[in-house]
Amino acid sequence: MSNSLLIRGASQIVAVSGRAPKRGKSLAEIDVVCGGAMLIRDGVIAAIGPVAQVEKLSESKRAQLLDVDGRIVLHGFVDSHTHLIHAASRAEEYELKIRGANYEEIAHKGGGILNSVKKLRTATADDLKTRARHFLERFAEHGTTTIEAKSGYGLDVTSELRILSLHKELDAEQPLEIVSTFLGAHVVPAEFRGKAGGTRTYLQLLVQQLIPEVAENGLAEFCDVFCERSAFSRTESKQVLTVGKKHGLRPRVHAEQLSNTGATTLGVELGAASCDHLEYLRPSDIRTLARSKTVATLLPGCDFHLGLKRYAPARHLIEAGAIVALATDCNPGTSPTSSMPIVLSLACNQMRMTPAEAISAATINAAYSLGRHKRIGSLEVGKQADLAVFEVADYREIPYYFGVNTCWLTMKRGEVVHMRD
Ligand SMILES: [Zn+2]
């Protein structure tokens, strides 16, 4: 017997239907059904539309009923850039930054990513898993139903494989979907730094041992690189991403965050799924992205937390026709948040995206960057019933009430995974 659920009483259902990915003007076309209803069968959307139309279906009459009492129904957020597995916060660096130290100075003194690496290597797998579980609960509480998660705080064979195995275990053991990315090229680890040929030796470890092992064991779908002055050059990044691609790992790139390194053109050249950050894009990079299928993933939480004035040029990207997505970049150093609603607020206030554009960027375009847009990312018949219900009267109030979590209920594959008391 099939398992049917009828959701009714929504003042708005934000479907974000239509052609994916959304570029240019279509980013704002989110298809709001006022007073709509939705029928879910076995975790998949079976009908969606005006309440009278959905309710008259014979299956709706037999279905279990969920009345959302005037709230707003959205597709669950797809957070396409997170560093889920980490051992501890870096609150001590937060204070240093407030007192004036910049991110690269802190990194230079062994803080930053290397600080997280040190903490992760001494943590047990159990501790890491418990911490990740708490974060996953918080993601669900804020309306997120799928996340991408990167390794990159291990930076040795054992620790990197341990992180990626945890992605796989957690994906199987709890309701949110986890898409795994290998980020062995996050920075050069301490034991290789300052040694003659240290970076080259570390890169050899990545391309000769780690990438083949990760791919062989199915531990990641994507391979990512931090292409930056303090991390890897464009040439080094190219080497890692090319070898990853040969092993079936699709590229993603941390690009132009603190300076322009040419990472965006490299990403597009290699057919990367996404180039992320993009604060230091050049006009020619914007044109390159606009002509490509590579998603421009913007991470305003990072700029906000670091107190930076320069955000990615979202309006220029949208107007040029690039595929824009939004994500939290949840990580202990530069963006310690699991809240997509706050990312929407930042996108609207700091990058001048409209609430509708921000919603498309955080759902369907993000799903596209993870290669899952045919199954998730919008509320359409035949797609997975991943939803978030918000206690607001209008979808624009989600970013409008900044710093307030208005998520009331989150559902993954038709099952409730979070409900406010
Ligand atoms: Zn990142």
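Counting starts at 1 for both ligands and their atoms, following the listed order.
- Salt-bridge formation is not detected for the pair Lys119/Glu93: no Lys NZ or Arg NE/NH1/NH2 atom is positioned less than 4.0 Å from an Asp or Glu carboxylate oxygen.
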Please walk me through it: do Ile323 and Thr294 pass side chain to side chain contact (heavy atoms under 4.5 Å, CB included)? CA-CA 7 Å; Ile323 308 165; Thr294 298; over 6 Å; no
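- Geometry about the Zn ion (ligand 1) gives an angle of 160° between NE2 of His254 and OD1 of Asp329, rounded in steps of 10 degrees.
- Backbone or side-chain N, O or S atoms of His277 do not reach the Zn ion (ligand 1) at under 2.8 Å.
- Using a 4.5 Å heavy-atom cutoff, the side chains of Ile30 and Tyr395 are in contact.
- Here Cys302 does not reach the Zn ion (ligand 1): none of its N/O/S atoms is less than 2.8 Å from the metal.
- In this structure, His277 and His254 have tilted ring planes: the angle between them lies in the 30° to 60° band.
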